[in-house]
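Proteins get letters first, then strands, A, B, ... in listed order; numbering begins at 1 in each.
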There are 2 protein chains.
Amino acid sequence: MTSERVTMVAIAQAAGVSVPTVSRVLNGRDGVSPRTRERVEGLLRERGYRARHAQHSALIDVVFPEITCAWETEHIRGIEAAASAAGVGIVVNTLWGGGDATGQLLRRLRGGRTDGVILAAQSGTDAMRTALSSLNVPVVALDPASPVSAEIPTVDAANWAGGRSATRHLLGLGHRRIAMIAGAPNLRCSRTRLDGYRAALDEGGVAYRPDLVEHGNFDFGSALAAGLRLLDRADRPTAIFASCDRMALGVYEAARRRRIPIPERLSVVGFDDLPGASWASPPLTTVRQPLRDMGGYAAGALLSLVRGEPLTTPYVEMTTSLVIRESTAPPH
Amino acid sequence: MTSERVTMVAIAQAAGVSVPTVSRVLNGRDGVSPRTRERVEGLLRERGYRARHAQHSALIDVVFPEITCAWETEHIRGIEAAASAAGVGIVVNTLWGGGDATGQLLRRLRGGRTDGVILAAQSGTDAMRTALSSLNVPVVALDPASPVSAEIPTVDAANWAGGRSATRHLLGLGHRRIAMIAGAPNLRCSRTRLDGYRAALDEGGVAYRPDLVEHGNFDFGSALAAGLRLLDRADRPTAIFASCDRMALGVYEAARRRRIPIPERLSVVGFDDLPGASWASPPLTTVRQPLRDMGGYAAGALLSLVRGEPLTTPYVEMTTSLVIRESTAPPH
DNA sequence: CTGAAAGCGCTTACAG
DNA sequence: CTGAAAGCGCTTACAG
């Protein structure tokens, strides 16, 4: 490793050809005889040639606040598939990981090493967003925590419709005392799902009762605590709609602790349809967000922005759908 | 977007300075007056300057066969944290995603756009591995499916010890009819965990019974089926050790279907300690693999290889540890 | 703190 | 199919 960097001239000399010929081989252009090409390729390998300058990166950056569960994973899968099909790689960044992710990303952008950025969840700090816009870098927001400036194309899920369909399903089964464990109230998706729940209740002629609404943090522990509070009430709800699958699992555990069988004595509905939803016992009825498709769509939109194509739809809301499994049943 | 690429000369002209000055600003070097720096930075932003050549990539590639569950996610988190702390970004690749990931990766490597590669799980096809070695690219294997050539530094988990400690735990609780649902037999980790199970049985003076060993695919469905077969036996086991957490959840579902309560009538132990293990009902007793640390270690090793430092330990096995939760109890 | 000059690694016409 | 030459975008001494 103390050796000098291998350059094209070194390869050319060793192969007894000119530098342009080596360049042609490297870039897979024709106009090189098979024999020459082979010899040069051999040398390239042997000496471990690595280009000094990258010319066009064919890379996009994805930034998450942090990676906590399958939610991010599903997005990554969708983005990776779409990007990879287009021949571009993805760089994944985490804002709260300790390193100076923002600085690195900006440096990469400045250095022309990446072509665009997908900002997932609440991931764009204001500082970062202004930096991005001043750099003229194509940006797409994926499932933003709060409304994003109109200039940034946004991909979202139909949260309102999802919250409504979950609640309608429970209503249709005959439930009347339906509790909800909502997500953090500062996130847009939490509020929207809660609105969907209220709308369904209204339509069903069931009065909205604020005391049946708990707030969690989209995590297991907060939902376990909220579930316990709900199940310990005298007028215990017969169904609980949790604002994400992980919180639904918290409700499962609360029910197990209170020896309340699901779905016989308690119906539970989640939101997301992460892979774990179907691995729960009983398999979880939940509102499916097409996370992977959302990621794929965001990547596609970003890539066309990178190509300089005008964006037709600046805001896309992708359909959610109820997946009925075994955690819901008519009230006992 | 039809505009010409913005070059440094354009910026220099607009700012009324020389090209070297712009270069200094771009690279954050000193020897530029604050006023000049500011003016140049403003222009850089305004015109959306993006470098034509990247010089040093500060990027590493991680390749997985595919991304299926939290297993990959945990590795990614560990790798991302370590890489990010060192100021380098990570590119995540998926081999079975449809796109030509191998080709892209190789192109990126050739183009000098990435500095090294982490091959996770069974992800290195032979073709890829030879290509990598002929390119002289630093490579580290993470949790390889099969023994890797001695030249590639490898990070692994103590699978044997893990399988043994899971089984010893059950033995210690008084179980004698302990079944195992092993992973796919062609994977090294599957065989090693099974060996650990056998070793513990031997030490405990309990005869190994091949009929109590089922083989799954590390997925939910195969474990559900295997669990059902096991639970439908006349001499039903009192405990089942599943070779990964996802398969343990399959056993949970099998037990639910047969109305066998966990842990009262059946103890279950998993392997991995993915986040979902503690979100199961009851929370799952499992063998913890330090997935994140393994990823971090692999990234660190790769980075020092990239720096040209000699590698001290070519093979590292990281400790596994039993995490006792609520899915295990003495047999009834 | 700044720029003219030389240089680097590579690519692009062009000529043969 | 190949190379001499010009050129590109950038960086690196060096001089002031």
So what stems show up for DNA chain D if we need 3 or more Watson-Crick or G-U pairs in a row, all under 3.5 Å?
C:1-3 with D:14-16, C:5-12 with D:5-12, C:14-16 with D:1-3
Please examine the side chains of B/T94 and B/E72, heavy atoms only from C-beta on, and report whether any two atoms are closer than 4.5 Å.
no
Which atom of A/L43 lies closest to which atom of A/I11, heavy atoms considered:
O-CD1, 3.9 Å
Between B/L303 and B/A86, what is the shortest heavy-atom contact and its length?
CD2-CB, 3.8 Å
Counting heavy atoms from C-beta on, name the nucleotide in C/dG9, C/dT12, D/dT11 closest to the side chain of B/V19.
D/dT11
Output the rounded distance in Å from CG (B/D30) to C1' (C/dT2).
13 Å
So with a 6.0 Å cut-off around CD of B/E38, is the heavy-atom count from everything else above 12?
no
Which of the following nucleotides, C/dT2, C/dA5, D/dG9, is nearest to the side chain of B/V32?
C/dT2
Is the phosphate of C/dT2, meaning OP1 or OP2, less than 4.0 Å from a side-chain N or O of B/S18?
no
Measure from the side-chain heavy atoms of B/P20 and tell me the nearest of C/dT12, C/dA4, D/dC1.
C/dA4
Flag the pair B/V62 / B/I76 as yes when at least one side-chain heavy-atom distance between them is below 4.5 Å, and no otherwise.
no
Just N and O in the side chain of A/T36: are any of them under 4.0 Å from OP1 or OP2 of D/dT2?
yes
Establish, with yes or no, whether the OP1 or OP2 oxygen of D/dG3 is under 4.0 angstrom from a side-chain nitrogen or oxygen of A/T21.
yes
A/M8 atom CE is separated from C/dC10 atom P, nearest whole Å, by 6 Å
Could you tell me how far apart B/R24 (CZ) and C/dT2 (C1') are, to the nearest whole angstrom?
6 Å
Side chains of A/V17 and A/T36: does their closest heavy-atom pair fall under 4.5 Å?
yes
Ranking D/dT12, C/dG3, D/dC1 by distance to the side chain of B/S23, first place goes to D/dT12
Under-4.0 Å side-chain N/O to phosphate OP1/OP2 contact, A/S33 with D/dC1
no
Tell me, yes or no, whether the heavy-atom count around B/N186 atom CG, taken from other residues, nucleotides or ligands under 6.0 Å, exceeds 12.
yes
Calculate the interatomic distance between A/R39 atom CZ and D/dT2 atom P; express it in whole Å.
8 Å
Once you apply a heavy-atom cut-off of 4.0 Å, does A/V17 come out as touching a base, just sugar-phosphate, or nothing?
sugar-phosphate
